[in-house]
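Being a predicted model, the structure only gives us computed values, none of them experimental. Every chain is numbered from 1, with letters handed out A, B, ... down the list of sequences.
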Amino acid sequence: MLKVRAIKIEVNTNHGPFGAEYKFTNGLNIIRADNTTGKSTLFQAILYGLGMEQLLDGQNEKTMQAVLKDTVEYPSNEFHYVISSFVYLEIENKEIITTRRSVKQEGRSGKLIDVFSGSLIVNQEKDLPVRPMYVHDPGGASNELYGFHAFLEEFFNWKLPEVPTTSGDLRKLYIQSIFPSFIIEQKSGWSDFLATVPFLGLRNVKNRLVEFLLGLDVFDLEIKKQELLQRKQIIVNKWKNLHRQTLLSCEKGGVNIDNLSDYPEVLSQVTPIRFYMLKKENNISLIDYYDEEKLELSILEEQPIKFSKQKDIELIQVKLKEAEEKLEKVSIAFDMVSTEISLEKRKLDKYQRQLIEVEDELIKNKGAKKVYELGSNIPIRLADGICPTCNQEVKDTLLPQELEQTPMRIDENIKYLEAQKRMIVAYLNAHKDSINKKTRLYNNYNLLMNEDLRPTIRNLKRELVEDIRTPSEIEIEKKLKYRARVKFYGELIEELFGYVSDFQELSDSWAKILNEIERTPKDSFSRIDKQKMQLFEESFKRLVSKFGYRSKPPNAIKISLDSYLPEIQGDQMRYNIRFDSSASDLIRSIWAYTCSFLNVSDGFPNNTNHPRFLAFDEPAQQNMANADFRSFLQELSNYKNCQILVFASFNQSQELYEETTKGIDFTLHWIKERLIKPLDV
Amino acid sequence: MIDYNFKNITFHKRPIPVQPEYRPVYKIAQIVIGLKKSCRKNKASLPLLHLFSWALKSNENEKLILDYLESPSNTLLEIWNFEPSLNRALHFAQAENLIAMVLPQGHYVLTEKGHKFADVLIEDNFVLLQEKAFFNSIKYSITETLIQDISKKWSNSNA
């Protein structure tokens with residue numbers, strides 16, 4: 001609970017010290033003052049002492065009145081120049097502190113607030129520990145050591161949440177945004193609900209402040225949703241990276257993959273990720289391929305190394321011929337697939353250009369559709385397909401009407417183009433697929449030619465002419481090659497199966513996050529939130545009638561769950577209550593709105609963040625009927641466990657004052673004559 | 001030759017797609033925007049309107065016009081085509097009372113209804129963006145005098 005215990009204003013002039021001091025009690029305090037006696041100065045000084053002068057649309061000493069900066073007039077027509085001035089504000093929540101801030105002081109910035117840990121004004125404690133802090137410094141809201149607003153947040157026992165900004169990142173909800181819900185100042189505060197919330201770059205700040213003030217769960221749900229979406233995106237990114245890595249590794253070994261998409265999915269047991277090789281145009285699984293190669297290797301290893309003298313020249317020649325024929329075949333196949341790839345790439349380009357054209361046409365057609373809609377409203381009968389002179393149906397084309405061809409309507413045209421687009425996209429995908437497959441084949445052929453057939457041919461040729469006493473190089477190379485290949489594929493398989501288990505992990509996380517997202521309630525209000533909003537609406541309706549609102553019938557009044565603002569339920573739509581209420585009824589609405597926050601805090605003790613403090617500067621605006629103002633004061637005086645400050649002039653009339661406040665329980669503070677008077681030293 | 005045993009063969013005439021610029025209301029929209037944004041007193045002669053129509057056909061045409069405005073002597077402005085479809089659109093527009101013909105010159109001027117249509121089109125941020133951009137860049141610099149000068153050049157070069 002915030003209690004403003006006391007305020008002291010010190011103004012040092014060339015004729016000595018001037019100032020004012022007021023001590024406030026719990027419950028309703030009425031600060032009575034005629035206009036121009038300094039009532040607003042006092043109200044603004046309280047805000048200043050709290051570091052909240054941004055509600056006055058400015059910062060620092062700029063917002064303070066001249067009497068604190070320039071000249072003091074006391075008594076009438078006697079002027080004194082201000083040398084320096086200070087505001088002391090003593091407030092209490094769980095502990096008592098006093099703030100000191102200069103309005104004018106040579107060498108001291110208005111941004112500096114000293115915080116004394118004790119009661120400087122009421123108990124006049126001496127030698128209190130004091131900490132200097134700063135207001136409106138960048139980082140002031142979050143700097144725990146020196147930021148006054150960060151200190152204030154702790155003092156209020158508030159945990160301000162992070163909220164989205166207009167540029168998309170998150171920032172802490174500024175404490176100044178909350179204050180307009182319980183402090184209504186005179187100049188702008190009565191123009192609208194929550195009128196003096198400063199613009200500080202937060203998105204939908206009024207929504208966020210109401211959610212925070214009433215302690216609604218909906219806010220947490222929104223944040224949770226954001227968080228879930230973020231985690232989802234992380235999985236998408238990890239999956240994409242893993243996919244890329246897997247593809248790269250596969251390409252190195254000429255391995256193909258089935259059942260793996262580049263976007264996360266829950267992996268199926270029925271169609272798991274499958275790796276396979278194309279061997280002699282047959283499709284065998286990678287594992288089988290590996291086993292076959294291992295078997296070949298083991299056969300080779302078992303055979304003793306043949307020495308050349310055992311070789312059979314004829315056999316070598318036969319093998320050589322076989323290898324050369326095979327090379328020729330593979331060469332031809334290689335050239336063919338090469339050509340096919342270029343052709344397909346050209347087709348791909350053509351389709352991609354076509355796609356762009358179709359997309360442009362689509363945009364133009366959609367634009368034309370809008371043009372026709374706009375035209376139909378003018379009205380242009382042609383836009384509805386009717387001839388303006390003879391009222392017959394007319395074809396929607398500027399080609400000669402005598403032509404037999406019927407043009408499509410724009411909608412049909414759009415559908416037609418969309419169908420074309422789908423077709424082109426399908427072709428594109430098919431071609432991309434085909435290009436990928438052919439490229440793999442190309443790579444395989446290349447490998448086969450350069451790492452298998454050509455070296456084999458070279459070796460065979462060499463064998464034909466080498467010394468018979470040396471061991472068969474071909475045999476040795478073959479063994480080495482097999483060993484290398486088996487090793488390579490062994491390692492590749494390990495790597496790929498590592499990826500598969502990573503994919504499985506990601507797939508599990510994916511299933512989990514999709515599940516969590518499913519389970520978060522679409523309707524963001526919790527049960528208690530709904531109860532609080534119901535109480536808020538009931539309280540608003542009751543109070544607004546009690547205060548004399550007449551513009552609309554009470555059962556048409558609702559509180560919007562989108563904007564948290566009062567609305568009128570009209571015949572066809574709902575609209576903000578300000579639009580159809582008289583000026584004085586808007587004032588009554590603001591009274592009822594502000595009090596209703598407090599009522600919800602009463603109805604849900606310890607379950608809201610309301611500071612149980614209200615301050616109103618001149619609430620009887622717009623020629624308010626006296627009886628209604630009295631109703632308002634009566635309501636305020638009935639609130640328990642809180643502090644309310646009302647600044648009012650009662651139209652400078654003693655009679656009006658007595659009539660309005662008769663029988664109401666409150667503490668009076670009367671600014672007689674002027675606020676700033678000589679201080680008895 | 002295989003005998004297919006057809007009894008009847010029927011043909012269904014399917015409607016054909018049409019480019020948006022060949023739809024009456026769209027062309028009229030281009031005309032009223034041109035009259036509103038780039039014609040003094042929202043009035044224009046037939047050749048001028050044909051020039052606008054030709055310009056809006058392609059980016060190259062637009063660029064040629066802009067180049068010509070910048071340096072007339074260096075730019076070769078070919079004859080722009082006269083399109084029958086524009087004439088038909090003008091007839092429709094007159095029938096809809098969006099434009100009116102002013103005698104004795106036979107120029108076309110925007111009516112109040114035409115202004116209304118033009119305003120609604122200009123205000124919408126989604127439609128006719130290319131057209132609006134073109135008219136914004138030429139502003140009022142294509143005048144009847146300019147058109148007459150260019151026509152003179154053609155007759156001179158053909159003389």
Portion of [X] that has a non-hydrogen atom of chain A nearer than 4.5 angstrom:
| X | value |
| --- | --- |
| B:Leu86 | neither |
| B:Gln130 | neither |
| B:Asp124 | side chain |

Looking at chain A, which one of B:Val127, B:Leu129, B:Leu128 has the largest number of heavy-atom pairs inside 4.5 Å, strictly under?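 The residue among B:Val127, B:Leu129, B:Leu128 with the greatest pair count is B:Val127.
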
Only pairs of heavy atoms separated by less than 4.5 Å count here; which of B:Pro24, B:Pro20, B:Pro84, B:Ala29 has the most with chain A?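 Looking at each of B:Pro24, B:Pro20, B:Pro84, B:Ala29 in turn, B:Pro24 comes out on top.
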
For [Y], does its backbone N or O pair with a side-chain atom of [X] as donor and acceptor, under 3.5 Å?
| X | Y | result |
| --- | --- | --- |
| B:Tyr22 | A:Leu399 | no |
| B:Lys113 | A:Pro379 | yes |
| A:Glu361 | B:Gln19 | no |

Beyond-backbone contact of [X] with [Y], side-chain heavy atoms, under 4.5 angstrom:
| X | Y | value |
| --- | --- | --- |
| A:Met408 | B:Arg14 | no |
| A:Val371 | B:Leu121 | yes |
| A:Ile410 | B:Tyr26 | no |
| A:Leu398 | B:Lys27 | yes |
| A:Thr406 | B:Ile16 | no |

Using non-hydrogen atoms only, which part of A:Ile363 is less than 4.5 Å away from chain B: side chain, backbone, both, or neither?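 It is neither, since no heavy atom gets under 4.5 Å.
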
Considering only heavy atoms and a distance below 4.5 Å, find which of A:Leu417, A:Leu374, A:Val394, A:Ile380 pairs most often with chain B.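 Ranked by heavy-atom pairs under 4.5 Å with chain B, first place is A:Ile380.
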
[X], [atom1] atom: more than 12 neighbouring heavy atoms under 6.0 Å:
| X | atom1 | answer |
| --- | --- | --- |
| A:Lys345 | NZ | no |
| A:Lys347 | NZ | no |
| A:Arg409 | CZ | no |
| A:Lys369 | NZ | no |
| A:Lys232 | NZ | no |
| A:Lys421 | NZ | no |
| A:Asn391 | CG | yes |

Show, in sequence, the C-alpha distance, side-chain angles and deciding distance for A:Leu382 and B:Ile28, and conclude whether the side chain to side chain contact (heavy atoms under 4.5 Å, CB included) test is met. CA-CA 10 Å; A:Leu382 268 175; B:Ile28 292 177; 3.9 Å; yes

I need the A:Ile378 CD1 to B:His115 NE2 distance, nearest 0.5 Å.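 Taking CD1 in A:Ile378 and NE2 in B:His115, the distance rounds to 12.5 Å.
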
Minimum-distance pair of heavy atoms, taken over all atoms of B:Arg23 and A:Tyr372: CB-OH, 3.2 Å

